Each structure stands twice: as structure tokens, then as C-alpha cells.
Amino acid sequence: MTIPNDTAAAGAPVRVRFAPSPTGNLHIGGARTAIYNWAFARRNGGSFILRIEDTDPERSTPENTAQIIRSLRWLGLEWDEGPEVGGAYGPYLQTERFGTYREALERLRQRDAVYPCFCTPETLAAKREAALAAKSYAGYDRNCRTIPADEAQARIDAGEPHTWRLKVPLERGDVVFDDLVFGTTTFPATQLDDFILVRTDGTPTYNYVVCVDDALMGITHVIRGDDHLSNTPKQILVYEALGAPLPQFAHLSMILGADGKRLSKRHGATSVEAYRDEGYFPEALLNYLALLGWSLDGETTLFGADVLTGNFSLSRISRNPAIFDEAKLAWVNASYLKEMGAAAFVDALLPYLKREGLTREGSAATPASPEEVAADVAANRPWYEALYPLIAERAKTLAEVLPMLAYLFAGDELVLDEKSVEKCLRVEGADEALARTQNALADERLPWETEAIEAALRSIPTELGIKPKLVFQAVRVAICGNMVSPPLFESLELIGRTRTLARVERALALLS
Ligand code: GLU
């Protein structure tokens, strides 16, 4: 075991870690912690390490680990050391490091920094209750601390159940540290307990293993949620007991929901993959999460990963809790959609088309296979790219796109929205408007292009002496199925002459 000795970590190359417990999905708060660690490492030319803290056997699962890894990769957060990539300080799963924790306990025993505790859970509970009743509870009463070493060893050898506790130096005084976000933070000596490092069953506790690993992995900065702030004094005592240099600490304020309560499942989607499934871009989620507690210059809201990694600094992190604003995230995502361009849009839409089995000439009733969809997109790329201007200013997420464009993929099975039919088709003049439209569009000399189609239809309201809105809403409902579809003439060009005429015909039949 080579733990670097009491030399300050300052000046050493930056090494930071994201250390999730795989007890659930990677959620918004965890993702933000990962992003800040990653950005800090990149900004400083340091290393970003992923360590899986899977020591809780009841709540940790390999599925959760896999899901966390997937989410991090999706966000574009590549780690320099950790699961799947390896590294000189592995293994990076805590369940594979139990031998290391046993060695560290040996080291602590040699340094006379720990002692075995034989108190039973019942005794401890009874003492705690009595002390609480007397309003004097200040942790474990250090009963076993004074058992002579040879007697303790004899009891261990006889198989008596025991935990291992940290021998907090009684002359230690307050624990004071300079948090890089919260500033000077003090925990009074009276609160320092001889807490347990190793349980009766031999399993190590979080506050113990986190220090062993951070020390052995040469972590220089611990950047994590402020729910761990109260663990920090305990951990400082463990570093001191190990004779390891202290990392610097930076605690991040919680993320709150719009109601001011800590963000949780009650607030709706909170996992990274839920946002992926709702059609958010990883770049947009990364951008928005970076803003939850950090700012580039107090003004700029849209920036790419390169700007983040080029400018990130802990000094710009706010102590105030950040409010998660779903509408702002949607706005950021919409901004990316607006900027991405047609080619990238088609690439991003492809998985959605595959999932629905949609093709240009296909029918909504019989979905195409993913291979057929891919082949269709490749063969008709300009047509698919022409969808982009229809939704670029309208959709906020990719998941919204296909429902908005359903009429382009409905083949001959377009379903007309009942309300729209009542309001726009079953009205006086609609049948005449449709008949004229049919005439104009059936003329083979008319080039099937947006401008020509528009010019051909623009004259109809004047000819009939009715309002343009009435004419075009009737045409829109007949061809797009409802009143709120994207731009009409562009849509007609994309639907094609034959299919457009068939839809006008059907609407006329409906009215007669
Ligand atoms: N495994 C801990 C958690 O998921 C994080 C520990 C740390 O960052 O120190 O909350």
C-alpha cells in the first residue's frame, strides 16, 4: 500500500473523480456533478476518473452501473480512468477493492489509529437512548477504546464479533477546512465521534473507503454534492489517520425543483435517459446542466462543450441552490434544434423514424423495418432534409417532430381531426374551395414546387370572393388532417401531387 505521505497535493496535476453509487439511474444532480468534475479536469489538463461505489449490496446493481456508464457516454463525458477504460489505479469498482480496504485497515492498526469495538448493537442502542433522554448524546462513549491491546486481540482471536472504529485524537480540536465553494467551514471537536470504519461482517463503510480510494488514486479535488458536506470532517480524520494528504473540497449546492423542494421523482423526469428518450440532445442537456450553479459570464446561456471545458472554474460556482427549470431546458434544446441544420437533423431523426417504421412512401398502418427505413432515408435524403425547415422553429425536442409531421407519413390513411373537420370543412364555401384547388393542382403543366403551388392557390379566394383563411384552412385540414400543421405549400410539395389530389378527393367525398 503506497499512500503518498503528508505532502500537500497542491501543485500536483489535477485528478478528480465522479463516484456514483449504482443504486439507481444517473439523474440530473449526479450528471451535473459529473459534468463539473469532467470540465474541471479538462480545463486544467488533468484526469477525470470514474469510480463506481457499489459497496451497498442490497441497492447496487450491475444494471444501474451499466445505465450510469451509458448516460455518461451519451452526454459525451469520456473518463480517462475507470470501468471499461482501465487505468493505473484500478480496479475502479469498489466491490473489487476489498483487499485494498483490508490492507488499509492493517496500516491504520499499525499507526494505532483504530481499535476494535465489541459493543453489541443492543448495548449501543440502550446507551444512545439513555443519553438522548438526558439530552447529552454526543456519539459513541468510547467504551472499547481503553481495552488493552492484548485483551482485544485475545477477544478477536476467540471470534468475538467486533467493528473497527477510528481513534479520533482527543486533542484534535475543531475540524476546519476551506471549501472551494462554501469557504471556511468548521465542525466543532465536540461533534467528532469514534465512528465505525469496518462493520461486524467485515464490510467497510462509505466514509472509510471513499478516503482510502481518493488517497490511493491521488485525487486532488473532491467535487460533489453538498449532501456530503457533513461527511467531510469525518473523512478529513480518516485522511489524517492514514497519513495521506488532504484533497481540496468543493461542495455543490442542491438542485431544487420549481417549488423550492429538493429535485426528486415527484418533479417528473429526473434521469438522464428519460431526457434522452424525450428527444433532448446531449449537447443541450450538458449545456443546461452546466448552468445549474455555474455561469460563464453571467449572461451567455448557449455554449458548446469546448467553451465549457475551456472556461470552467470552481470560483464561478454559486453557493445558492440552483432551480431546475424545465421550460428553460426545453428552450435550450429548441435553440440547438434551430441551429443544427438539415443534415444533422436527419441523422438525429433516423432513430425515431426507425422506431416508428416510417418511410416516405410507406403507409402508417404497416411499419417498415429499421433496415428499410435506413435505406429509404439514404435514397431520399433531400426529401428528408426538406422536413427540417418545417419544424426547425416549431419543435422543442426531437420527440415532438414526428407527431407534428405525421401527415407526411400517413400514406393513404390520413385521419382527419374531427374538430378541424367541423370548423374548417363543414362550412359554407369549403367544398367549392376544395373543388377549385383540385382543378388547379391537377393541371399537369403546374410544376410541383412550393412557389408554383402557392401561386396557383393564391388566386382562389379572390375568384370565389371568400376569405383566404377559409380556403387555406379547408385545404390544410383536407391534406394535413388538422388546423395547426406546419407551412402548407411546402407540405404539399413534400406530399406529392398524386397523394395531395387523393386527399382532396377524399375530403370532397366526405362533404358530399
Ligand atoms: N458515492 C457517493 C454518492 O453517490 C459519492 C461519494 C463522493 O463523491 O464522495 O453519493
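These figures come from a predicted structure and were not determined experimentally. Just follow the structure's listing: the first ligand is 1, and inside any ligand the first atom is 1.
- Residue-to-ligand polar distances keep Val222 apart from ligand 1: every N/O pair is separated by 3.5 Å or more.
- The protein non-hydrogen atom at the shortest distance from atom 10 (O) of ligand 1 is His228 NE2, 2.9 Å.
- A cation-pi arrangement is absent between Arg381 and Tyr384 under the rule of less than 6.0 angstrom and at most 45 degrees off the ring axis.
- Partner of Tyr288 under the ring-ring contact (aromatic ring centres under 6.0 Å, His included) criterion, chosen from Phe281, Trp331, Phe324: Phe324.
- At least one N or O atom of Arg17 sits closer than 3.5 Å to an N or O atom of ligand 1.
- Remark: ligand 1 atoms within the under-4.0 Å shell around heavy atoms of Val210 are 9 (O).
- With 3.5 Å as the limit, one finds a donor-acceptor pair spanning the side chains of Glu81 and Tyr92.
- Short contacts between ligand 1 and Ser21, defined as distances under 4.0 Å to a heavy atom of the residue, involve ligand atoms 1 (N), 2 (C), 3 (C), 4 (O).
- Atom CD of Glu339 has 12 or fewer heavy atoms from other residues, nucleotides or ligands within 6.0 Å.
- Of the possible polar contacts, one joining the Arg316 side chain to the Ser295 backbone as a donor-acceptor pair under 3.5 Å is found.
- Proximity to Glu53 (heavy-atom distance under 4.0 Å) selects the following atoms of ligand 1: 1 (N), 2 (C), 5 (C), 6 (C).
- Every heavy atom of Gln235 sits 4.0 Å or more from the atoms of ligand 1.
- The part of Tyr206 lying near ligand 1 is the side chain, judged by heavy-atom distances below 4.0 Å.
- The environment of Arg73 atom CZ is dense: over 12 non-hydrogen atoms of other residues, nucleotides or ligands sit within 6.0 angstrom.
- Contact check on Arg97 versus Asp54 returns no salt bridge, with no Lys/Arg side-chain nitrogen under 4.0 Å from an Asp/Glu carboxylate oxygen.
- For atom 2 (C) of ligand 1, the candidate residues are Ala19, Gly30, Gly24; the nearest heavy-atom contact is made by Ala19.
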